[in-house]
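Quick notes on the structure that follows.
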Amino acid sequence: MSQQITENPAQRELPRTYDPASIEDRWAEYWVREHLFDQPTPRNTSDAPAFTVLLPPPNVTGNLHMGHMFEHAETDILIRWRRMCGDRTLWLPGTDHAGIATQLMVERQLATEGKTRQQMGREAFVERVWQWKQHYGGAILSQMKRLGASVDWSREYFTMSDQLSVAVKEVFVRLHEQGLIYRATYIVNWCPRCQTAISDLEVVHEEQQGKLWEIRYPVIPESGDEPVQFLTVATTRPETMLGDTAVAVNPDDERYRHLHGKRLRLPLVGREIPVITDAWVSADFGTGAVKVTPAHDPNDFAIGQRHGLEAIDVMDETAHMNAAAGVYAGLDRYEARKRILEDLEAQGLLGAIKDHTHAVGRCDRCKTVVEPRLSKQWFVKIQPLADKAIAAVEQGYIRFTPEQYAKTYFEWMRNIHDWCISRQLWWGHRIPAWHCGTCGQITVARDTPAQCAHCGSAQIVQETDVLDTWFSSGLLPFTAFGWPEHTRDLDVFYPTQLLVTGFDILFFWVARMIMLGCHFMLDVPMPDGSERTLKDAVPFREVYIHALVRDADRQKMSKTKGNVIDPIEIVQKYGTDAVRFTLASMASPGTDIAFSEARTEGYRAFANKIWNAARFIFMNVEKAREAGIEVEPSALGVMPAAASEAPLEARWIVSALHRVAAEINAALESYRFDEAASYVYQFFWGSFCDWYLEIVKLRLDFSDSADKGAAKEALTTLLRVFESSLRLLSPFMPFLTEELWHALYQDEPPAKSIALSRYPQPQPASIDAEVESGMAALQDLIVSVRAGRKDLGVEEKAQVPVRVRTAASFEALFTANQAIIERMARVSAVEFVAKMPEGSGARTTTHFDVQVIYEKQIDAAAERERLGKDLAKYEKGLASAERQLNNEAFLAKAPAHVVDGLRKQEAETRLLLEKTRRALEELNHTK
RNA sequence: GGGCGGUUAGCUCAGCUGGUUAGAGCACCUGCCUUACAAGCAGGGGGUCGCAGGUUCGAAUCCUGCACUGCCCA
């Protein structure tokens, strides 16, 4: 037993204010050390429903930022909630090898040592990257541990691990066998800095102020032509003209009809090129004539294909001009542009220069301007995969929240292009293809082949390209569970239930997981051996797309702006729970989060409130024990029910607890973190602390003269409601609730963690509307008295008598709970009267009139103003109600409950109006 | 250029398929160190729901147009 206490990190002395720093590290370590959230492979598949979530793998190069923390907070809330609801939960963590980013990182490191990867050679470089990964690659995951993410650390994956590499190879080979992978010369986005192809998605477009240059191309005269004629083209990229192989005009453009079929002399180069017609050319753009450079522009490439044009590459892989550029060879593309313009100018071939904004594509990773480049690359023929992926969402097998993202998804999926999967990098999954030096054919194989599959030659070398990082991460939902083996994990945990991620990787990752999951998992039979259909081939059933975390001024956080909030810093300042709660409370779907410290401060106060409620409760447990009263721990851990003879506040708080549990469960069910947070906040602070705790002080009298049975009952309800509240709060505030829960059980809790206890489930029978409305009337009275006291300027501490006029039923209620009124409103005596109380200090509601008796004269002017405002409000309300009630169409068409409600409201408003008018008249008489 | 959002209190946001007098937190004002909590308690002020039309008995909510604003794709 003493062993357990030393192992248990709860501390006993509760300081006056909550200090998160003093408890969080201990619990974070405890959760990991005790393997509380591990989910071993179950023996059978039919037990509890599986709730599996795959962590979007952070880059090994990354550090945890606010976006991660937000994403993880939401996921953790859901997973802790489902775990407490009894599901078999698994949150699977891991990291992504991040090809370009990691290679870039290590290259930079090498640069500081004066080395390059080329000097080192491929093998040594890759070895170096592995070392780097060992050393720095775990940053985000260790930050997650500190923040208490309830993931299964025993299952951590890495996209370049041996097991996942085997799976990646298998996928490549199968797709190749199925004819869905091909190698072709195509124009791709090329990053001259990274010296690799990148996919369309890795290019970020940005509007930029540029120029549109007009260049005159001389027409080669035929017999009968005017001697000197020009065709003027407009271009944003004059340096590519060296590779022009045609000029295109729109076939319907009358201006150029006379030039159809003519040939031009390419300036500076001297090559003859044809004038061609192509409908793609817009007559409105520039001069209506465009130069065609198939090797340096995707549109031109397409034109070139259509017209059988030669593609002349004039640049090398570093975007310097190559030998084909003649005298410009060796120049950087921008230097070449300058020189070419000068030379054209000198020859009088440069026309107008116009300002022009156009979108420039940059490498997502290093921001270098992308150069479209003709090269041999590997592609996935995507349409067959996209078809299944579209069907899966159309048929509702995958649901997006917020729903609008399904539209975005369809839009992209239906206009999808083949996926360029090869990258000219060293860090990544090397493509399992071997080129034959003898016959030139390619052998694709799972295991390193000894000879060419086509000619048997041993002269084979492996492809040097690696695969796009997203190719491997797109497989994770099944490869992480052991595919291509048909494992039990795959049976139990696939499809995963939920994916929580940002819209920025909707296409990169989410869409590709859907395509690859649907494609490959269709071939894996169901656990019972039956054939798998699309419904169960999907990688996840739900996708929750979270918002972006911005700064308090709604600005995107960026390093250059310097407005990045470091989550760890903010957590150290306010506590993890407060930050989590802030994020949750602001997470309304579809709206970005403007993260504000002021808000976090507010939730730190909430944490402190919970802490102090606990201190108060523990203090009373102690007092009770001294008086020989103890509540058995076995009485806790369940949803409390209230006996009908229990005091009003006890029945009320129990009812409110059941109600709020229902609300929170429903909110979480629909990803309404903001609502869930608001409900639990409102309940704990607004109901439990402000009212119940204050009232229950009346009952916690453990002195010898007191009714000890009643005191014990009160203490029991208090502890049960509080213990339930902790469980209710736990997914949102795991650290604080863990600490207090252990303390509540005096370090002998029924489970190793509150996270392993049950989430409060409401019993409809325990929600008592009558008790709640009775309590509401009582609260109303107390608030009215307090307000009346303020009107009269009664000192805070003074006890004063009040007069109340009300119906018999309320009189009974108020009489039965007079002690509460006296305590909560500092009332010395309650007198029930039959007549409307006259004079100052009166307040009136539909259920009662109440007057505070106090000799001090009121501020008549202030009172008149207040009553005047009320009067205006009532008059307006009454007029509006009457207008509708006098409208026959309304009476005929509106539903009965609306009409009844309005009638009731009208009557009540009329009553209040009359009372207020009388009070105002009286005020005018007396003064 | 195509598409998707947003515009409600000083700030950040709720407000479900149209229905009774539009809510919350923070901030603000006033009074309280009432021993769980001043990171607190109590009371209070503050909005013609971006603009203009339309549909309806009834519009913050539905439709159309406009303005401003954000994002995605090309």
Side-chain angles (χ1 to χ4, degrees), chain A residues 14 16-18 200-201 205 282 299 359 361 402 404-405 407-408 411-412 415 503-504 506-507 548 550 552-554 556 574-575 578 582 585-620 670 672 674-675 677-679 681-682 685-686 689-690 693-694 697 782-783 786-791 793-797 823-826 862 866 869 873-881 883-895 897-906 908-909 912:
Chain A
L14 298 192
R16 214 174 135 86
T17 44
Y18 173 50
D200 293 346
L201 288 175
H205 295 271
S282 158
N299 291 313
Q404 80 224 27
Y405 284 106
K407 269 192 211 167
T408 315
E411 191 67 29
W412 187 73
N415 296 295
F503 67 87
D504 51 330
L506 182 61
F507 308 136
L548 214 66
R550 297 165 176 276
D553 303 317
R554 313 207 98 265
K556 233 182 198 168
Y574 298 100
T582 306
S585 69
M586 299 182 87
S588 55
T591 311
D592 284 350
I593 288 184
F595 187 86
S596 84
E597 283 199 37
R599 202 70 192 259
T600 313
E601 233 171 284
Y603 292 119
R604 177 181 61 181
F606 181 47
N608 189 52
K609 188 78 182 172
I610 299 165
W611 184 260
N612 274 290
R615 291 180 63 222
F616 169 78
I617 290 164
F618 296 161
M619 189 184 88
N620 278 283
S670 48
R672 289 305 303 261
D674 58 328
E675 286 184 357
S678 152
Y679 286 134
Y681 181 99
Q682 227 52 261
W685 200 321
C689 290
D690 286 350
L693 228 45
E694 290 305 322
K697 285 176 181 173
I782 290 163
V783 168
R786 285 170 177 169
R789 292 171 58 109
K790 291 269 181 185
D791 290 343
V794 180
E795 295 87 29
E796 291 287 333
K797 283 180 193 160
R823 180 184 173 89
M824 298 293 283
R826 291 179 186 275
R866 180 180 69 79
K869 269 187 184 171
K873 188 174 74 184
Y874 297 144
E875 275 168 350
K876 195 179 150 205
L878 191 62
S880 141
R883 197 180 326 116
Q884 288 200 71
L885 288 170
N886 290 332
N887 184 334
E888 273 176 42
F890 170 74
L891 296 175
K893 291 182 184 176
H897 75 273
V898 173
V899 178
D900 290 348
L902 195 63
R903 283 219 173 95
K904 194 174 160 215
Q905 181 214 309
E906 190 233 359
E908 286 175 356
T909 308
L912 288 171

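Naming: A, B, ... by sequence-line order, numbering from 1 per chain.
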Euclidean distance for P, B/C26 against B/G43 (whole angstrom): 14 Å
Integer-rounded Å distance: B/C72 C1' and A/L548 CG: 13 Å
Point-to-point distance, once rounded to the nearest 0.5 Å, from CH2 of A/W611 to CZ of A/R604: 14.5 Å
A/K697 NZ/CZ over A/F616 ring centroid, <6.0 Å and within 45° of normal: yes
Length of the CE-C1' vector between A/M586 and B/U12, whole Å: 5 Å
Spacing of CG belonging to A/N612 relative to CZ belonging to A/F618, to within rounding of 0.5 Å: 11.5 Å
B/C29 and B/C68, which share atom name C1', separated by this distance in whole Å: 33 Å
Closest nucleotide among B/A14, B/A74, B/G43 to the A/R786 side chain: B/G43
Separation of A/D690 CG from A/M824 CE (nearest 0.5 Å): 8.0 Å
5'-most by nearest nucleotide on RNA chain B - A/W412 or A/R903: A/R903
Between B/U17 and B/A60 - C1' atom distance, rounded Å: 16 Å
Nearest heavy atoms of A/E796 and A/R826, plus distance in Å: O-CD, 2.8 Å
Pairwise P distance, B/U34 and B/G45 [rounded to whole Å]: 26 Å
Side-chain touch A/F503/A/T408, heavy atoms, less than 4.5 angstrom: no
Identified stems (criterion: three or more consecutive Watson-Crick or G-U pairs, under 3.5 Å), RNA chain B: B:1-7 with B:67-73, B:10-13 with B:23-26, B:28-32 with B:40-44, B:50-54 with B:62-66
Whole-Å distance separating the CG atom of A/D791 from the P atom of B/A42: 17 Å
Between B/C71 (C1') and A/L506 (CG): distance, integer Å: 13 Å
Whole-angstrom distance between B/G5 and B/C62, as gauged at atom P: 12 Å
Same-atom distance (C1') from B/U30 to B/G46, integer angstrom: 15 Å
Listed nucleotide nearest any side-chain atom of A/F503, set B/C73, B/C71, B/C4: B/C71
Same-atom distance (P) from B/C57 to B/U48, integer angstrom: 29 Å
N/O contacts under 3.5 Å, protein versus nucleotides 31-37 of chain B?
{"unit_1": "B/U34", "atom_1": "N1", "unit_2": "A/R826", "atom_2": "NH2", "d": "3.4"}
{"unit_1": "B/A36", "atom_1": "O2'", "unit_2": "A/N612", "atom_2": "OD1", "d": "2.6"}
{"unit_1": "B/A36", "atom_1": "O2'", "unit_2": "A/R615", "atom_2": "NH1", "d": "3.0"}
{"unit_1": "B/A36", "atom_1": "N7", "unit_2": "A/K697", "atom_2": "NZ", "d": "3.3"}
{"unit_1": "B/A36", "atom_1": "N6", "unit_2": "A/E694", "atom_2": "OE2", "d": "2.9"}
{"unit_1": "B/A36", "atom_1": "N3", "unit_2": "A/N612", "atom_2": "O", "d": "3.1"}
{"unit_1": "B/A36", "atom_1": "N3", "unit_2": "A/A613", "atom_2": "N", "d": "3.3"}
{"unit_1": "B/C37", "atom_1": "OP1", "unit_2": "A/R16", "atom_2": "NH1", "d": "2.6"}
{"unit_1": "B/C37", "atom_1": "OP1", "unit_2": "A/R16", "atom_2": "NH2", "d": "3.3"}
{"unit_1": "B/C37", "atom_1": "O4'", "unit_2": "A/N612", "atom_2": "OD1", "d": "2.9"}
{"unit_1": "B/C37", "atom_1": "O4'", "unit_2": "A/N612", "atom_2": "ND2", "d": "3.4"}
{"unit_1": "B/C37", "atom_1": "O2'", "unit_2": "A/N608", "atom_2": "ND2", "d": "3.1"}
{"unit_1": "B/C37", "atom_1": "O2", "unit_2": "A/K609", "atom_2": "NZ", "d": "3.0"}
{"unit_1": "B/C37", "atom_1": "N3", "unit_2": "A/K609", "atom_2": "NZ", "d": "2.8"}

Atom-pair distance (CD on A/E601; P on B/U12), nearest Å: 17 Å
Least distance between heavy atoms, A/G361 atom then A/H205 atom: CA-ND1, 4.0 Å
Which nucleotide in B/G40, B/G43, B/A39 has an atom nearest any side-chain atom of A/A787: B/G43
Given RNA chain B, 5'-ward residue of the pair A/E675 and A/G602, judged by closest heavy atom: A/E675
A/I593 CD1 - B/G70 C1' separation (whole Å): 16 Å
Gap between atom CZ of A/R599 and atom OG of A/S585 - 0.5 Å precision: 4.0 Å
Separation of atom NE2 in A/H205 from atom P in B/G1, rounded to whole Å: 17 Å
Closest to the A/F507 side chain, choosing from B/C26, B/C72, B/A39: B/C72
Sugar-phosphate only, base, or nothing, as touched by A/R672 at under 4.0 Å among non-hydrogen atoms: sugar-phosphate
Distance, rounded to the nearest Å, where A/R823 contributes CZ and B/A42 contributes C1': 14 Å
C1'-based separation of B/A36 from B/C41 [nearest Å]: 12 Å
A/R672 and A/D674: CA distance, side-chain angles, deciding distance, salt bridge (charged side-chain N to carboxylate O under 4.0 Å, His left out) verdict: CA-CA 5 Å; A/R672 289 305 303 261; A/D674 58 328; 2.9 Å; yes
Ring-ring centroid check A/Y681 A/Y603, cutoff 6.0 Å: yes
Heavy-atom closest pair, residues A/M586 and A/I593: O-CG1, 3.6 Å
A/Y681 side chain, from C-beta outward: closest of B/C72, B/G5, B/C26: B/C26
